[in-house]
Every structure is written in C-alpha cells, then in structure tokens.
Participant: 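Mind looking over this structure? Questions follow.
What you are looking at is a predicted structure, and each value in this text was computed from that prediction instead of being measured.
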Amino acid sequence: MCNSIFELNNFINMISYSKHDNRELLEILNKYSLLTFSAKIELKQELLKRKTALDSKDFKGLNDSINQGMDEVKTLKFLNDIGFNVSWFDNKSFEITRSGKATVVDLVAIFLGIIFSIIGIIGLSVLISYLSPKVNFGVFNLIFNILLLGLGFFGFKIFYNGFDRLIKYKDFKLIVDRDEIILRKRFDLKIKELKKEASTLKLDNSKEQVVSLMSGDIEILSAISPSFKAKLALKEIIDFVE
C-alpha cells in the first residue's frame with residue numbers, strides 16, 4: 001500500500017481545503033460521508049495540518065472510512081472500475097484479466113458505433129446531394145443533416161475505441177509476484193507471452209487523461225480518465241513489487 005496518504009499528492013492532483021477557515025472545515029467534516037474518496041483524503045490532510053478536531057467522533061469516522069478505502073485499494077478491488085478482474089493467490093501473487101462486464105461494454109460500443117456511423121453516412125450523403133443545383137433544401141434540413149454527420153463521427157470514435165479494446169484485451173492476462181511478471185497479450189494481432197522482472201513495472205501518466213501500466217517500454221494496460229481509486233489501485237501494483 002502507499003506508504004502514506006501524504007505521498008498521494010505527488011501522484012494525483014486533488015481539491016484543496018486550504019482556503020476554508022476552521023468553521024467551514026468542521027461543517028464539511030460533519031458531512032464527510034458525502035465526500036468522494038479523494039476529498040476525504042484531502043480533508044484529513046488539512047485537518048492534520050491545522051491540528052483541528054483530531055479527537056472528534058467525526059474525524060475518527062473520516063479516518064476509518066479512509067482506512068477502509070485504502071484496504072480495498074490494497075486488494076486491487078478498484079481495477080474493476082477500468083474493466084479488469086483480480087484473482088489473488090495466498091496474498092503472494094495475483095492475476096489480472098479482462099472482466100466480462102467490460103467485454104460486454106465493448107461489444108455494445110461497437111454495435112452503437114456501427115449504428116451511429118450509418119446514420120452519419122446518411123447525413124453525409126444528403127449533404128453531398130445539396131451540391132446539385134437540382135436539389136432544394138431548407139436551413140432546418142441542412143442543420144439536421146450536419147447533426148447526423150456529427151453523430152456519425154461520434155459513432156466511428158466509439159466503434160474504434162470499443163473494437164480496439166476488444167482486440168487488445170482478448171485473452172489478456174497478467175500474473176504478478178514480487179520477483180516476476182508474466183504477460184499474455186496481443187501484439188500486432190498475435191498473442192504473445194512475455195516474462196519480465198517485476199522491477200520493470202512502472203506507471204506512465206504522460207498522456208493527457210490516460211494512465212498506463214508499463215513494463216519498460218511495453219504497455220501492459222491503459223485507462224482513460226480512471227477513477228481516483230482505480231489510479232491508486234494501479235499505483236498499488238507498483239508498490240506491491242517494490
């Protein structure tokens with residue numbers, strides 16, 4: 001697990017309570033159960049910094065809630081948020097596979113993408129027909145078909161992303177212990193199985209809104225705008241092998 005919640009700010013930018021006065025902080029603390037996990041961590045940090053309400057019942061509840069969440073992070077439960085299942089082997093190693101739910105989501109994205117793309121093609125064909133001097137059109141029809149074309153571009157995007165994920169993670173498997181990882185994944189449409197030292201694992205968040213688990217220069221898995229807890233779960237994989 002992360003050595004300290006104070007280290008998390010180096011990994012993820014969170015909201016700040018530094019501009020709130022003590023009275024406002026106490027009001028927020030009183031409703032800590034309504035906060036997101038990242039907001040709870042930031043609130044605890046600010047209260048510890050100011051040494052405010054540390055003996056209160058609400059602070060204890062806040063701390064217990066954070067500890068419970070961090071325990072769930074340690075078991076990698078929140079990898080499910082980005083479409084992966086985790087199976088543990090005596091707490092010494094674990095296996096990550098693509099979840100069935102994520103596969104269904106990819107199939108739905110492909111289906112909807114095809115439908116929207118067809119609609120976009122219809123809109124495009126109508127717009128092209130307007131180039132003929134023999135075709136009369138109204139402003140409303142023009143706007144409507146431009147919207148259909150836009151829907152088509154959106155459909156192609158979700159089709160591509162869904163198809164890409166479906167192919168990329170079909171038969172995917174990652175086994176991790178403290179010394180070695182075994183990765184089975186498609187590379188150029190061919191399934192390959194690689195063995196690497198666990199020390200090669202790292203996180204890459206250099207791409208905007210994308211966090212990737214890497215082994216050297218090899219991308220193992222990636223997530224677009226993952227939840228805060230999912231980001232911590234990815235970081236926990238690195239902490240596990242260190």
Participant: Applying side chain to side chain contact (heavy atoms under 4.5 Å, CB included), run through Ser129 and Val126 and close with a yes or a no.
Facilitator: CA-CA 5 Å; Ser129 71; Val126 174; 4.2 Å; yes
Participant: Count the heavy atoms of every other residue, nucleotide or ligand shown that sit under 6.0 Å from CD of Glu208, and state whether that count exceeds 12.
Facilitator: no
Participant: When you look at Lys44 and Ile66, which way does the side chain to side chain contact (heavy atoms under 4.5 Å, CB included) test go after all the steps?
Facilitator: CA-CA 9 Å; Lys44 177 180 177 180; Ile66 292 173; 3.7 Å; yes
Participant: What is the minimum heavy-atom distance between Phe59 and Leu47, and which atoms define it?
Facilitator: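 For Phe59 and Leu47, the tightest heavy-atom pair comes out as CD1-CD1, 3.8 Å.
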Participant: How close do Ala198 and Val241 get, counting heavy atoms only, and between which atoms?
Facilitator: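 In terms of heavy atoms, the two residues are closest at O-CG2, 3.6 Å.
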Participant: Determine whether Lys168 and Glu219 satisfy the following criterion, salt bridge (Lys or Arg N to Asp or Glu O under 4.0 Å), listing intermediate values before the conclusion.
Facilitator: CA-CA 11 Å; Lys168 181 188 294 185; Glu219 180 187 289; 3.6 Å; yes
Participant: Is any side-chain heavy atom of Gln68 closer than 4.5 Å to one of Glu72?
Facilitator: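 Glu72 reaches Gln68 side chain to side chain.
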Participant: Do the non-hydrogen side-chain atoms of Asp164 and Asn161 ever get within less than 4.5 Å of each other?
Facilitator: no
Participant: Going by atom types only, do Ser56 and Asp58 share a side-chain donor-acceptor pair under 3.5 Å?
Facilitator: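 No, because no side-chain N or O of Ser56 sits under 3.5 Å from a partner of the opposite role on Asp58.
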Participant: Is there a path of hydrophobic side-chain contacts, each under 4.5 Å between heavy atoms of I/L/V/M/F/W/Y residues, joining Ile238 to Leu234?
Facilitator: yes
Participant: So if you build clusters from Ile, Leu, Val, Met, Phe, Trp, Tyr with side-chain heavy-atom gaps below 4.5 Å, do Phe159 and Leu148 land together?
Facilitator: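 In one cluster: no.
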Participant: Could you state whether Phe153 and Leu127 fall into the same hydrophobic cluster, counting links through intermediate Ile, Leu, Val, Met, Phe, Trp or Tyr residues with side-chain heavy atoms under 4.5 angstrom apart?
Facilitator: yes
Participant: Is the positively charged end of Lys229 above the ring of Phe37, judged by distance under 6.0 angstrom from the centroid and angle within 45° of the axis?
Facilitator: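 The answer is yes; both the distance and angle limits are met.
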Participant: Minimum heavy-atom separation for Lys51 and Leu54, please, with both atom names.
Facilitator: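 Shortest heavy-atom separation between Lys51 and Leu54 comes out as CA-CD1, 3.8 Å.
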Participant: More than 12 heavy atoms of other residues, nucleotides or ligands under 6.0 Å from CZ of Phe156: is that the case?
Facilitator: no
Participant: How long is the straight-line distance from CD1 of Ile182 back to CG of Asp177, given to the nearest 0.5 Å?
Facilitator: 7.5 Å
Participant: Taking side chain as C-beta onward, heavy atoms only, is Lys40 less than 4.5 Å from Ser65?
Facilitator: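 A side-chain contact exists here, since the closest heavy-atom pair is under 4.5 Å.
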Participant: Measuring from atom OG of Ser125 to atom CG of Asn145, what distance do you get when rounded to the nearest 0.5 angstrom?
Facilitator: 7.5 Å
Participant: Taking the side chain as C-beta and beyond, is there a heavy-atom pair between Asp21 and Leu25 under 4.5 Å?
Facilitator: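 No, too far: nothing below the 4.5 Å cut-off.
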Participant: Could you grab the distance from atom CG of Asn141 to atom CD1 of Ile146, nearest 0.5 Å is fine?
Facilitator: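 Nearest 0.5 Å value for the CG-CD1 distance: 11.0 Å.
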Participant: How would you list all residue pairs meeting side chain to side chain donor-acceptor pair (under 3.5 Å) that involve residues 83-92, not counting sequence neighbours?
Facilitator: Asn80-Asn85
Participant: How many angstroms lie between atom CZ of Arg178 and atom OG of Ser93, to the nearest 0.5 angstrom?
Facilitator: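 Those atoms lie 9.5 Å apart.
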Participant: Kindly determine whether Tyr17 and Glu24 satisfy side chain to side chain contact (heavy atoms under 4.5 Å, CB included), including the steps that lead there.
Facilitator: CA-CA 9 Å; Tyr17 290 108; Glu24 291 172 329; over 6 Å; no
Participant: Decide yes or no for Leu201 and Ile220: does some side-chain heavy atom of the first lie under 4.5 Å from some side-chain heavy atom of the second?
Facilitator: yes
Participant: Nearest 0.5 Å, please: how far is CE in Met214 from CG in Leu221?
Facilitator: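 The CG atom of Leu221 sits 10.5 Å away from the CE atom of Met214.
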Participant: Roughly how far apart are Gln209 CD and Ser225 OG, rounded to 0.5 Å?
Facilitator: 4.0 Å
Participant: Using a 4.5 Å cut-off on heavy atoms from C-beta on, say whether the side chain of Ile114 contacts that of Ile110.
Facilitator: yes
Participant: Considering only heavy atoms from C-beta outward, does the side chain of Tyr169 approach that of Arg186 to under 4.5 Å?
Facilitator: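 SC-SC contact between Tyr169 and Arg186 ruled out.
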Participant: Salt bridge between Asp171 and Arg184, side-chain N to carboxylate O under 4.0 Å?
Facilitator: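 No, no charged N to carboxylate O under 4.0 Å.
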Participant: Are the charged groups of Arg50 and Glu46 less than 4.0 angstrom apart, N to O?
Facilitator: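 Judged by the 4.0 Å cut-off on N to carboxylate O distance, Arg50 and Glu46 do form a salt bridge.
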Participant: When the aromatic ring centroids of Phe94 and Phe240 are compared, is their separation below 6.0 Å?
Facilitator: yes
Participant: Which heavy atom of Leu76 sits nearest to which heavy atom of Ala233, and what is that distance?
Facilitator: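 Where Leu76 meets Ala233 most closely, the heavy atoms are CD2-O, 3.3 Å.
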Participant: Without swapping roles, check the side chain of Thr103 against the backbone of Ser99 for a donor-acceptor pair under 3.5 Å.
Facilitator: yes
Participant: More than 12 foreign heavy atoms under 6.0 Å from CG of Leu34: is that the case here?
Facilitator: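 Check passes, neighbour count above 12.
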Participant: What do the steps show when you test Glu95 against Val86 for side chain to side chain contact (heavy atoms under 4.5 Å, CB included), and what is the final call?
Facilitator: CA-CA 6 Å; Glu95 177 185 86; Val86 179; over 6 Å; no
Participant: Less than 4.5 Å apart, any side-chain heavy atom of Ile115 and any of Phe111?
Facilitator: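 SC-SC contact between Ile115 and Phe111 confirmed.
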Participant: Considering non-hydrogen atoms only, spot the tightest contact between Ile82 and Ala230 and give its length.
Facilitator: CG2-CB, 4.0 Å
Participant: Kindly indicate whether a cation-pi arrangement holds for Arg98 with Phe84, taking the cut-offs as under 6.0 Å to the six-membered ring centre and within 45° of the axis.
Facilitator: yes
Participant: For Asp64, is the CG atom crowded, meaning more than 12 foreign heavy atoms sit under 6.0 Å from it?
Facilitator: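 Check passes, neighbour count above 12.
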Participant: I'd like to know whether CD1 of Ile224 has more than 12 heavy-atom contacts from other residues, nucleotides or ligands below 6.0 angstrom.
Facilitator: no
Participant: Can you tell me if Asp188 uses its side chain to pair, donor with acceptor, with the backbone of Lys190 under 3.5 Å?
Facilitator: no
Participant: Salt bridge or not between Lys77 and Glu236? Use side-chain N to carboxylate O under 4.0 Å.
Facilitator: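 Between Glu236 and Lys77 there is no salt bridge, as every charged N stays at least 4.0 Å from the carboxylate O atoms.
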Participant: Do the side chains of Phe154 and Val105 join up, straight or via other hydrophobic residues, at under 4.5 Å, putting them in one cluster?
Facilitator: no
Participant: Can you find a side-chain donor-acceptor pair between Ser212 and Asp204 that sits under 3.5 Å?
Facilitator: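 Result is no, nothing qualifies.
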Participant: If you group Ile, Leu, Val, Met, Phe, Trp and Tyr by side-chain heavy-atom gaps below 4.5 Å, do Ile218 and Ile181 land in one group?
Facilitator: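 Yes, it is one cluster - the side chains of Ile218 and Ile181 are joined through contacts under 4.5 Å.
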Participant: For Lys202 and Gly216, which heavy atoms make the closest approach, and how far apart are they?
Facilitator: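 Closest approach of Lys202 to Gly216: CE-O, 3.0 Å.
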Participant: Parallel, tilted or perpendicular for Phe144 and Phe140, by the 30°/60° rule?
Facilitator: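 The rings of Phe144 and Phe140 lie parallel, inter-plane angle below 30°.
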Participant: Evaluate whether atom CZ of Phe187 has more than 12 neighbouring non-hydrogen atoms of other residues, nucleotides or ligands under 6.0 angstrom away.
Facilitator: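 Atom CZ in Phe187 is crowded, with more than 12 foreign heavy atoms closer than 6.0 Å.
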